[in-house]
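Sequence lines set the chain letters: A, B, ... in the order given, protein chains first and strands last, and positions in each chain run from 1.
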Protein chains: 2
Amino acid sequence: MAAKRSDAPGRKPRRAGAKLEPTKQPGSEPPLSRERIVATAVELLDAEGVGGMSMRRLADRLGAGAMSLYWHVDNKEKVFDLALDQVLAYREPPQTGEPRNWRDEVVHMLEDWRKSMLRHPWSASLLPRRALGPGILGRLELLGSILSRAGVADADLNVAIWSLWNYVMGATITRASFELTDDEKAAAQQRLSTLGERHPTIQRTRLLLDNDWDGTFRKGLDVLLDGLAGRQ
Amino acid sequence: MAAKRSDAPGRKPRRAGAKLEPTKQPGSEPPLSRERIVATAVELLDAEGVGGMSMRRLADRLGAGAMSLYWHVDNKEKVFDLALDQVLAYREPPQTGEPRNWRDEVVHMLEDWRKSMLRHPWSASLLPRRALGPGILGRLELLGSILSRAGVADADLNVAIWSLWNYVMGATITRASFELTDDEKAAAQQRLSTLGERHPTIQRTRLLLDNDWDGTFRKGLDVLLDGLAGRQ
DNA sequence: GATTGACTCGTATAGCGTACGAGAGGATAA
DNA sequence: TTATCCTCTCGTACGCTATACGAGTCAATC
């Protein structure tokens with residue numbers, strides 16, 4: 001009887017013996033594993049987007065049967081969670097010795113966060129399903145520790161962390177969802193001039209036509225950090 | 001031959017004559033229309049969530065065949081877009097005569113925005129698919145005009161608008177995705193204490209256990225507005 | 001009366017997530 | 001050596017999905 005593999009947290013799924021690989025056909029795939037499934041899911045998501053990621057197609061890419069995946073992973077939702085957390089994890093930079101000031105540190109980490117997500121645009125649309133994996137937790141911890149070292153009082157720390165998180169997530173999701181608009185930009189332009197009298201302000205400032213996403217992100221982040229800095 | 005109804009922007013789908021209803025069976029449904037489809041989709045989404053909203057079930061609720069919907073609506077994606085924009089539209093308050101200061105105005109509008117979305121939690125997870133419907137555009141215009149009247153220079157206006165938008169969207173999406181956590185809270189608590197040594201800061205500040213979402217939202221918004229105000 | 005256009009919907013196709021249970025194959029116990 | 005067990009794979013099947021296609025209904029118009 002195939003008892004579903006338990007989900008105990010510390011479990012290592014590798015074979016006990018772990019001598020040499022079972023050597024199926026030479027040139028065949030390595031054995032399935034949660035890690036390989038997640039890595040391949042990220043590839044598939046990158047290539048085909050959220051809609052193109054099906055368990056069958058994922059299994060195909062892995063050279064396995066669709067149902068084999070379910071031994072390693074509860075369900076499709078779980079695959080999404082794992083892929084998302086993997087993408088969001090912070091790979092600490094080599095830590096060049098000089099200690100930056102806290103603002104630069106925060107900006108660097110948050111810009112990296114945003115960049116990581118934009119490199120995998122599907123991650124933005126997956127985010128709304130909560131997934132507090134180790135990757136996200138690691139980022140939050142790092143952010144909190146920087147701010148704390150910078151002198152933010154514990155009583156204000158949660159507000160500071162969540163404000164920055166909210167800003168980054170909102171900016172990234174917005175940016176990612178506006179990604180594929182090139183022919184749509186013409187339509188937006190047209191619609192905007194049509195609706196100009198109803199929307200004079202955003203037409204005047206060309207809000208929807210501004211392309212400097214990175215600059216706008218950075219400037220808004222500065223505004224937020226100004227507000228935080230003024231609080232101490 | 002059933003030529004698909006065109007999507008020209010100004011079109012009014014109603015019957016030309018529009019005398020009295022075709023009087024099918026007494027007590028039967030009113031005729032299909034885009035408006036009725038969207039309204040019912042919102043109901044269905046409220047009741048069953050994103051996963052429970054299928055074209056068949058929507059058609060059932062409307063007392064129609066599934067394929068009938070496609071005369072009024074391009075595809076399921078479009079239904080989502082329309083439902084989202086409907087929920088996000090700003091129903092201007094009765095406008096009590098006294099003109100508030102700009103900060104209160106901004107806060108009021110943004111809190112209403114957030115509340116509108118949290119009333120329909122699925123809207124947060126739908127947001128990442130861009131949908132620049134009239135509802136969202138109306139909000140953006142209003143926000144821009146308030147800020148402009150408050151003295152924000154045109155050169156800074158886009159950054160201000162996007163910063164606030166980003167913050168609200170991030171906060172709302174985060175909040176909505178953490179919604180259903182009651183038994184999970186125990187798990188989070190446990191995991192947090194287990195991982196306490198790896199995440200000392202967020203454990204100390206009880207980041208994940210803080211329940212005062214509304215207060216945190218408001219405080220963070222104040223931080224951001226402080227930053228904006230200090231810029232003039 | 002004939003024609004047209006707006007609208008409804010039955011049927012069918014291709015795909016989906018995943019429950020179920022059989023079975024392969026190595027490890028262990030007898 | 002044989003029997004048992006555990007881990008892992010996967011073929012089949014079920015119920016569901018979005019939607020393409022085309023036939024059919026009915027009111028308005030010519």
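- Put simply, B:Ser68 has no side-chain N or O that comes within less than 4.0 Å of OP1 or OP2 on C:dC7.
- Residue B:Trp71 contributes atom CH2, which lies 17 Å from atom P of D:dC26 at whole-angstrom precision.
- Across all non-hydrogen atoms, the minimal contact from A:Leu137 to A:Leu132 is CD1-O, 3.9 Å.
- Look at A:Arg61 and A:Glu43 and you find a salt bridge, because one of the NZ, NE, NH1 or NH2 atoms lies within 4.0 Å of a carboxylate O, short of that distance.
- Of the charged side-chain nitrogens involved, at least one lies within less than 4.0 Å of a carboxylate oxygen, so that B:Arg57 and B:Glu48 count as a salt-bridged pair.
- Contact annotation: A:His72 side-chain N/O to D:dT7 OP1/OP2 distance is not under 4.0 Å.
- A salt bridge links A:Asp214 with A:Arg114; the closest basic N to acidic carboxylate O contact falls under 4.0 Å.
- Taking atom CG on A:Leu69 and atom P on C:dG17, their separation rounds to 10 Å, with Å as the unit.
- Note: CG (A:Leu62) to P (D:dC10) measures 10 Å, nearest angstrom.
- Side-chain contact check for B:Asp210 and A:Trp162: no donor-acceptor pair (N or O, by modelled atom type) lies under 3.5 Å.
- Using cut-offs of 30° and 60° on the angle between ring planes, the pair A:Trp165 and A:Trp113 is perpendicular.
- The nearest whole Å value for the distance from the CG atom in A:Leu58 to the P atom in C:dC16 is 12 Å.
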**Fill in**
Expected string for nucleotides 12-19 of chain D under the B/S/- scheme (protein heavy atoms, under 4.0 Å, primed atoms plus P, OP1, OP2 as sugar-phosphate) is BB---BBB
